[in-house]
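What follows is a short report on a single structure.
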Amino acid sequence: MSTSDRIEEIYEQVKARNAGEPEFHQAAAEVFESLHVVLERHPGYFESGLIERLCEPERQIIFRVPWIDDQGNVHVNRGFRVQYNSVLGPYKGGLRFHPSVNLGIVKFLGFEQIFKNALTGLPIGGGKGGSDFDPKGRSEQEIMRFCQSFMTELHRHIGEYTDVPAGDIGVGGREIGYLFGQYKRLTNSYESGVLTGKGLTWGGSQVRKEATGYGAAYFVNEMAKTAGTSLEGRTAVVSGSGNVAIYAIEKIHQLGGTAIACSDSSGYIVDRKGLDVALLKEIKEVRRGRISEYVDERGDAEFFPGGNIWNVPCDVALPCATQNELDEDSAKTLVNNGVKIVAEGANMPTTPGGISVFRDAGVAFAPGKAANAGGVATSALEMQQNASRDSWHFDYTDERLAGIMADIHGRCVETAAEYGKPGDYIHGANIAGFVKVADAMFALGVI
Ligand code: NDP
């Protein structure tokens, strides 16, 4: 059987075993596409059911999360933790609280996380979790009660050497605080290393909050340098206005670029003078408000309710909101408007059709598992600081992050070239991540 046929056969098995999980199929298909060239060259990776084992999570936990709202009504949500692969270290990956969360989404995120974490070069395995709980409009007390109920079950499955969750959509410093508080209470131990993204006075790391966005901007800077240019004077459009988006915008500005547009699920804003990051933080982090409030305070800015942010012409596009937010038509619009670099701050925000458009147009395109790896990398630095009971300064940690992003970029470029796909960051990231995990899986035997 040819390599292509063997890969196709495994992919069909994956789809059949995981029916009704389109995001997971999409994430697997993207990695499988890159594996053709590796498996042609090293067919040994087919042995011992390695690819089949890689696609099957080591453990999937689904649990009930009951909680009581401010009016005394009982709600029941569903909690998930998919512990995907731990050959390189404890499972590591965020928790997402969003009504769209289901097992297939958590599996796609966990699968991506395996390769991303391998790419960082740090000792962390891959996992992901979350709940279909919708934090929007919930009071502080409701959020706390939900987090406590969620952790009441999750605590049995996590630990410093087992599984170390962090934040993702809907889970930031506030939620990590309530989760950590409940873990501490249930276990009667101050196990700092069990969660990352903690507050700075109780075991957190400098730069963790900023890390995913900063890291994506550092990655874009490396891409620009490789293309013989820089971010100086370039315009950027960043979707979302959450944790990743805000700090990507901040670092783009520090690196000489100008971010002119961002969004939330209600629409997007354009501020041609450059987005005011302090105002964005005030609206989103302090007030927990909507992006439309921005134009109330910046007279020249415009709000486009429900519009498509990718209609805004730019040199650099950074999708930083959610999966499949940038489709084929949006990609065509960006290309026609002259986009040069696209880097995924979110996980799998570009559809397969969108990726093809960018590839065909020769746009430099960085997949999330490379461009947004700065968050998990800094989480691993937080674990390192917790283990040594140390805390590093901001500038030092930021330098470490910049160095890690440059290393990941270099690894993608070198691997893509080595496998005959020069300049293709998707193949570079997938292959480099795969080879590292696959070699460790062989070394550890059939487990
Ligand atoms: P946040 O919850 O802080 O922000 C998410 C942003 O995206 C908000 O502006 C939100 O708008 C918007 N958004 C979310 N879902 C949708 C949707 N279905 N349609 C339109 N807009 C949406 O999350 P993060 O910034 O932490 O995460 C953003 C992305 O980055 C995710 O893909 C996540 O997996 C990825 N990521 C995050 C990391 C981290 O360290 N936080 C690490 C690596 C990747 P609204 O508020 O209106 O819903």
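When a residue number appears, it is its place in the shown sequence, counting from 1. In what follows, every heavy atom counts, from backbone to side chain, and hydrogens, waters and symmetry copies are set aside.
The residue from Val342, Leu326, Val363, Ile426 that alone fulfils the side-chain contact (heavy atoms from CB on, under 4.5 Å) condition with Ile355 is Ile426. For the pairing with Ser149, the side-chain contact (heavy atoms from CB on, under 4.5 Å) check across Val76, Asn77, Val65 returns one residue only, Val65. Tyr84 pairs with exactly one of Phe115, Phe111, Tyr91, Phe108 by the ring pair (Phe, Tyr, Trp, His ring centres under 6.0 Å) rule, that one being Phe111. Checked against Asn347 for a side-chain hydrogen bond (donor to acceptor under 3.5 Å, both in side chains), the options Glu112, Lys116, Gln113 give a single hit: Lys116. For the ring pair (Phe, Tyr, Trp, His ring centres under 6.0 Å) with Phe133, the qualifying choice from Trp67, Phe80, Phe150 is Trp67, the only one to do so.
Looking only at atom types and distance, the side chain of Ser192 has no donor-acceptor partner in the side chain of Asn386 under 3.5 Å away. For the residue pair Lys92 and Thr196, a side-chain donor N or O sits within less than 3.5 Å of a side-chain acceptor on the partner. Looking only at atom types and distance, the side chain of Asn324 has a donor-acceptor partner in the side chain of Gln26 under 3.5 Å away. For the residue pair Gln385/Ser205, the side-chain donor-acceptor check at 3.5 Å is satisfied.
With rounding to the nearest 0.5 Å, the separation of CZ in Arg6 from CG in Leu35 is 13.0 Å. Atom CG of Leu119 sits about 12.5 Å away from atom NE2 of His409, to the nearest 0.5 Å. Rounded to the nearest 0.5 angstrom, Leu103 CG and Phe24 CZ are separated by 9.5 Å. Taking OG1 from Thr415 and CZ from Phe434, the interatomic distance works out to 13.0 Å, rounded to the nearest 0.5 Å. Atom CG in Leu401 sits 4.5 Å away from atom OG1 in Thr378 (nearest 0.5 Å). Here the SG atom belonging to Cys262 is positioned 4.0 Å from the CD1 atom belonging to Ile291, to the nearest 0.5 angstrom.
Heavy atoms only, all atoms of each residue included: Ala371 and Ala343 are closest at CB-CB, 4.2 Å. Among all heavy-atom pairs drawn from Ile252 and Ala259, the shortest one is CG2-N, 4.3 Å. When all heavy atoms are compared, the tightest approach of Thr120 to Val376 is CG2-CG1, 4.0 Å. The heavy-atom pair separating Val238 from Cys320 by the smallest distance is CG1-SG, 3.9 Å. Between Thr229 and Arg234, the closest heavy-atom pair is OG1-NH2, 2.9 Å. The minimum heavy-atom distance between Ala373 and Ile408, with the atom names listed, is CB-CD1, 3.7 Å.
Checking side-chain atoms of Asn372 against main-chain N and O of Gly345 turns up a donor-acceptor pair under 3.5 Å. A donor-acceptor contact shorter than 3.5 Å links the side chain of Glu344 to the backbone of Gly368. Remark: the backbone N or O of Lys332 is paired with a side-chain donor or acceptor of Asn336 at under 3.5 angstrom. A donor-acceptor pair is defined here as one N or O able to donate and one able to accept, closer than 3.5 Å; such a pair exists between the side chain of Glu58 and the backbone of Ser86. The backbone N or O of Gly125 sits nowhere less than 3.5 Å from a side-chain atom of Asn85 that would complete a donor-acceptor pair. Not a single donor-acceptor pair under 3.5 Å links the side chain of His25 to the backbone N or O of Val14.
Here side-chain hydrogen bond (donor to acceptor under 3.5 Å, both in side chains) pairs that include residues 167-185, with residues two or more places apart or in two chains, are Arg96-Asp168, Lys128-Asp168, Glu140-Arg174, Glu140-Tyr178, Thr152-Gln182, Gln182-Arg185, Tyr183-Glu191. Sequence neighbours left out, not one pair with a member in residues 229-250 passes ring-ring contact (aromatic ring centres under 6.0 Å, His included). Sequence neighbours left out, the pairs with a member in residues 371-393 that pass ring-ring contact (aromatic ring centres under 6.0 Å, His included) are Trp392-Tyr396. Among residue pairs with one or both ends in residues 32-44, those qualifying as salt bridge (Lys or Arg N to Asp or Glu O under 4.0 Å) are Glu33-Arg359; sequence neighbours excluded.
Residue Asp5 qualifies as enclosed at atom CG: its count of foreign heavy atoms under 6.0 Å is above 12. Around CZ of Arg78, the count of heavy atoms belonging to other residues, nucleotides or ligands within 6.0 Å does not exceed 12. Atom OH of Tyr161 has 12 or fewer heavy atoms from other residues, nucleotides or ligands within 6.0 Å.
Residues forming a salt bridge (Lys or Arg N to Asp or Glu O under 4.0 Å) with Lys107 (at least two apart in sequence, or on another chain): Glu21. With sequence neighbours excluded, the residues satisfying side-chain hydrogen bond (donor to acceptor under 3.5 Å, both in side chains) with Glu30 are Lys369. Residues passing the side-chain hydrogen bond (donor to acceptor under 3.5 Å, both in side chains) test with Tyr45, sequence neighbours excluded: Asp439. Asp315 meets the salt bridge (Lys or Arg N to Asp or Glu O under 4.0 Å) test with no other residue; sequence neighbours excluded. Looking at residues two or more places apart in sequence or on another chain, you find a side-chain hydrogen bond (donor to acceptor under 3.5 Å, both in side chains) between Ser330 and Asn308, Asp327. Listed by chain and residue number, Glu56 satisfy the salt bridge (Lys or Arg N to Asp or Glu O under 4.0 Å) test with Arg17 (two or more places apart in sequence, or in another chain). Every side-chain contact (heavy atoms from CB on, under 4.5 Å) that Glu8 has, sequence neighbours left out, goes to Tyr11, Glu12. With sequence neighbours left out, Thr258 forms a side-chain hydrogen bond (donor to acceptor under 3.5 Å, both in side chains) with no residue at all.
Side chains of Trp310 and Thr333 form no contact here, defined as non-hydrogen atoms less than 4.5 Å apart.
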Inset, instruction - Kindly indicate, with the supporting measurements, whether the criterion salt bridge (charged side-chain N to carboxylate O under 4.0 Å, His left out) is fulfilled by Glu222 and Lys225. - result: CA-CA 5 Å; Glu222 294 296 320; Lys225 281 197 257 172; 3.1 Å; yes

Legend entry - side chain to side chain contact (heavy atoms under 4.5 Å, CB included) between Arg81 and His157, intermediate numbers included: CA-CA 9 Å; Arg81 188 71 186 166; His157 311 287; 5.7 Å; no

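Cation-pi geometry between Arg138 and Phe146 is not met at under 6.0 angstrom from the ring centre and within 45 degrees of the axis.
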